Amino acid sequence: MLPAGGPPAELTITVRNTGTGPSTPVTTSLALPDGVSAALPSARSGGRAATTPQSADGMTCRGGTGEVSCTTTGGIGPGEAREFAFPLRAAPTATGGEITARVSAGSAIHLRLPAMPVVVEPVDGVRVELARWSWDPDDWDLDDLHPNHRHLDHRHPDHRPSAHRHDEDWDDDWDGWGAGWVGVEVTNTGSGGGLAEAVARLPEGVEAIGVSPACRVLPADDEIRCAAELDPGESFTGALLVHSDGGWSEVPERLLLPVTATLGSATDEAVIDLLPDCAPVCRPGG
């Protein structure tokens, strides 16, 4: 099994001389499926496979993609064996296939080995990026917002989060920075598709007013989950409309929103400060 876009895995073919005399130089050739390459002996440490003949360990090799072959510089003695080790690597876009191998020695010996299946295992990868969008209520587009009905009545056409609260009136001292958008962009950086999730953990004193369609507020009300199926290279963006209700004995220096993204076995984390750039000048009493 080869990880797509991952490190090489070695395929070893052992050729043994069962005769009574030395052989002529022995050649082992591999026909490789699309997206699979073999590093030649001089390139086993990684990097791009060489395409010109290379010599190492008493053999000369050529190729790397499509077909690769290695020939011993001398014959194999009776009862002796020689290993041909091919480090194979799958490209990020490889889907698998079959490898066929041939062994020859002079004009008398031509062997074709059974086809070997190549299974390419997708590699999981995910990246999460956060952005604080406009904090001016006049710039907010609420058309696609899914309200968190504990705190927001989105049906009113003149609604602004700073003007309508279910639980208590907005504290005017906080107007202008107490609520705002946070954008959560999640990207599939791996080689396989899957469900990408991002969970934002709201800090103390912060609640979710509403979220975009890709997101929902979890029952505990202190976490927001955004999710979408992503193919390799695809992204989705979730939007969180959050509000700081205050209630602190002192206004915090920072108000951090951590977000953890997962896709398969891959994880990524990011943190954003919810306080605007004008803090502490625009804080209550500032």
Side-chain angles (χ1 to χ4, degrees), residues 1-7 34-36 89-96 119-148 152 154 161 177 179-203 206-244 254-277:
M1 182 174 291
L2 295 175
D34 291 342
V36 177
R89 188 188 300 270
T93 56
T95 59
V119 178
V120 176
E121 179 182 28
V123 175
D124 295 328
V126 68
R127 181 179 68 246
V128 60
E129 297 174 288
L130 307 178
R132 199 178 65 227
W133 296 341
S134 171
W135 293 84
D136 184 351
D138 291 334
D139 293 338
W140 294 347
D141 181 3
L142 302 178
D143 290 342
D144 294 327
L145 190 69
H146 283 188
N148 180 8
L152 172 65
H154 184 221
W177 76 278
W181 290 107
V182 175
V184 180
E185 183 177 64
V186 180
T187 302
N188 182 350
T189 60
S191 58
L195 179 66
E197 298 180 299
V199 175
R201 296 177 297 282
L202 298 176
V206 174
E207 59 193 15
I209 298 176
V211 295
S212 63
C215 307
R216 66 183 180 89
V217 181
L218 299 180
D221 222 27
D222 61 354
E223 289 188 340
I224 302 171
R225 174 184 178 270
C226 304
E229 292 284 344
L230 295 180
D231 289 328
E234 288 186 340
S235 301
F236 80 87
T237 299
L240 320 178
L241 185 55
V242 295
H243 160 59
S244 54
R254 305 179 73 190
L255 199 58
L256 301 181
L257 176 73
V259 179
T260 300
T262 59
L263 194 158
S265 61
T267 62
D268 189 30
E269 296 182 348
V271 178
I272 193 169
D273 189 350
L274 295 178
L275 296 184
D277 295 334

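Since the structure is predicted, the reported quantities are computational estimates derived from the model, not experimental observations.
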Does the side chain of [Y] come within less than 4.5 Å of [X]'s, by heavy atoms?
X: L130; Y: V184; answer: yes
X: L240; Y: V211; answer: yes
X: P203; Y: L274; answer: yes
X: L257; Y: V271; answer: no

So, for [X] and [Y], which heavy atoms are closest and what is the spacing to 0.1 Å?
X: F236; Y: A196; answer: CE2-O, 3.8 Å
X: G192; Y: P122; answer: CA-CB, 3.7 Å
X: V259; Y: A198; answer: CG1-CB, 4.0 Å
X: E197; Y: A227; answer: CG-CB, 3.9 Å
X: T187; Y: G233; answer: CG2-O, 4.4 Å
X: E269; Y: V128; answer: C-CG1, 3.9 Å

Do the side chain of [X] and the main chain of [Y] share a donor and acceptor less than 3.5 angstrom apart?
X: T189; Y: V126; result: yes
X: T260; Y: V199; result: no
X: D273; Y: L255; result: yes
X: D268; Y: A261; result: no

Exercise. Would you sort out whether N188 and D231 count as a side-chain contact (heavy atoms from CB on, under 4.5 Å), showing the intermediate values?
Key: CA-CA 7 Å; N188 182 350; D231 289 328; 5.5 Å; no
Quiz item: E129 and R127: salt bridge (Lys or Arg N to Asp or Glu O under 4.0 Å), yes or no, with the steps?
Solution: CA-CA 7 Å; E129 297 174 288; R127 181 179 68 246; 3.5 Å; yes
Practice problem: Drop me the distance from L195's CG to L263's CG, to the nearest 0.5 angstrom. | Solution: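 The CG atom of L263 is 7.0 Å from CG of L195, to the nearest 0.5 Å.
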Exercise. Kindly compute the distance separating SG (C215) from CG (L241), expressed to the nearest 0.5 Å.
Key: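 Answer for the SG-CG pair, C215 versus L241, is 12.0 Å.
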